[in-house]
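Notes for the one structure printed next.
Read the numbers this way: they start at 1 and go in the same order the structure lists the ligands and their atoms.
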Amino acid sequence: MRRKVAAGNWKMNGLKEALAEIEALKAINCKSCDVILCPPATLVSAMVTAAGDSGIIVGGQDCHWNETGAHTGDVSAEMLSDAGAGAVILGHSERRADHGETDAEVNSKTQAAWRAGLQSIVCVGETEMQRDDGETLVIIGGQLDGSTPEGATAENTIVAYEPVWAIGTGRTPTLDEVGEVHDYLRGKLVARFGEEIGNEMRLLYGGSVKPENAAEIFAVSNVDGGLVGGASLKAVDFASIVKAAS
Ligand code: 13P
């Protein structure tokens with residue numbers, strides 16, 4: 001039985017005053033799901049303090065593969081861990097597009113996350129053109145293979161399927177399309193990491209998850225919760241999504 005996950009990705013949004021949003025989430029105290037919130041790096045430490053003993057896991061949105069060094073503007077996995085983070089999103093399509101991140105780099109970052117004791121949330125997803133060309137499974141399969149290192153376990157890795165064309169657009173794949181991709185990813189995880197680990201790893205869907213569609217998406221087979229952008233910024237919306245994962 002896989003625990004559901006409600007993960008929020010604040011992206012480049014949020015000043016200190018936004019931390020008040022998590023008060024409503026603390027009250028939910030989901031016993032049957034994991035709640036992960038990934039604010040910008042500037043807020044990780046303060047959010048950890050604000051989260052207190054609520055059980056909310058705070059995560060980063062990226063990390064460098066090195067522990068320290070001359071990498072101006074970057075943040076290492078150890079720094080996130082030092083700030084109290086327990087997880088980090090890696091290989092988000094916005095980083096792949098804006099910063100040219102490759103599968104090999106995401107793979108190195110994932111190893112860095114594990115080195116620092118962080119749970120990695122590794123993202124894969126096809127563009128609209130790739131879907132229209134019938135390449136969805138080939139693309140996400142390749143991204144999964146390239147971005148996840150040997151040694152992945154259910155404890156150190158979560159995989160998020162985020163179709164690029166569904167992010168921030170209000171459009172989502174049909175439930176059948178979501179199920180097709182998640183079944184495929186499950187099969188690949190089992191083939192590579194074995195029955196036990198492959199069946200225990202959580203697979204999240206991301207891309208325009210809202211309070212209105214969360215429950216039906218989370219009910220699709222092999223969907224173990226969501227990675228939520230816009231709707232994670234408002235506590236009332238994210239709280240309904242957390243409830244849908246409960
Ligand atoms: P939206 O929920 O805003 O579509 O963003 C999804 C996402 O990119 C989460 O990482």
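- There is a side-chain donor-acceptor pair under 3.5 Å between Glu126 and Trp165.
- Checked by distance only, ligand 1 and Thr169 stay at 3.5 Å or farther apart across all their nitrogen or oxygen atoms.
- Ranking the protein heavy atoms by distance from atom 2 (O) of ligand 1 puts Gly229 N, 2.8 Å first.
- Aromatic ring orientation, His182 versus Tyr205: tilted (interplanar angle from 30° to 60°).
- Among protein heavy atoms, the minimum distance from atom 3 (O) of ligand 1 is reached at Gly230 N, 2.8 Å.
- Those atoms of ligand 1 that come under 4.0 Å of a heavy atom in Gly207, given as number and element, are 4 (O), 6 (C).
- Checking side-chain atoms of Glu200 against main-chain N and O of Ile197 turns up no donor-acceptor pair under 3.5 Å.
- Judged by the shortest distance from any of its heavy atoms, Ser93 lies outside the 4.0 Å radius around the atoms of ligand 1.
- For the pair Ala231 and ligand 1, the shortest N or O to N or O distance does not fall below 3.5 Å.
- A donor and an acceptor atom, one from each side chain of Asp62 and His92, are nowhere located under 3.5 Å apart.
- Looking only at atom types and distance, the side chain of Asn107 has no donor-acceptor partner in the side chain of Ser147 under 3.5 Å away.
- Note on ligand 1: Lys210 sits outside its first shell, no heavy atom being nearer than 4.0 Å.
- Close contacts between ligand 1 and Lys11 involve ligand atoms 5 (O), 6 (C), 7 (C), 8 (O) [criterion: under 4.0 Å to a heavy atom].
- On a distance-only criterion, Gly168 and ligand 1 share at least one N/O pair closer than 3.5 Å.
- A donor atom on one side chain and an acceptor atom on the other are found under 3.5 Å apart for Asn222 and Arg2.
- Those atoms of ligand 1 that come under 4.0 Å of a heavy atom in Ala166, given as number and element, are 4 (O).
- Asp133 contributes no side-chain N or O that, together with a main-chain N or O of Gln130, makes up a donor-acceptor pair within less than 3.5 Å.
- Polar contact with ligand 1: present for Ser208 (N/O pair, distance under 3.5 Å).
- At under 3.5 Å, not a single nitrogen or oxygen of Glu94, backbone or side chain, sits near a nitrogen or oxygen of ligand 1.
- Between Asp34 and Lys4 there is no salt bridge, since no side-chain N of the basic residue sits under 4.0 Å from a carboxylate O of the acidic one.
- Of the protein's heavy atoms, Glu162 OE2, 2.9 Å lies nearest to atom 9 (C) of ligand 1.
- For the pair Asn156 (side chain) and Thr153 (backbone), a donor-acceptor distance under 3.5 Å is present.
- Among the atoms of Leu227, none of the N or O lies under 3.5 angstrom from an N or O of ligand 1.
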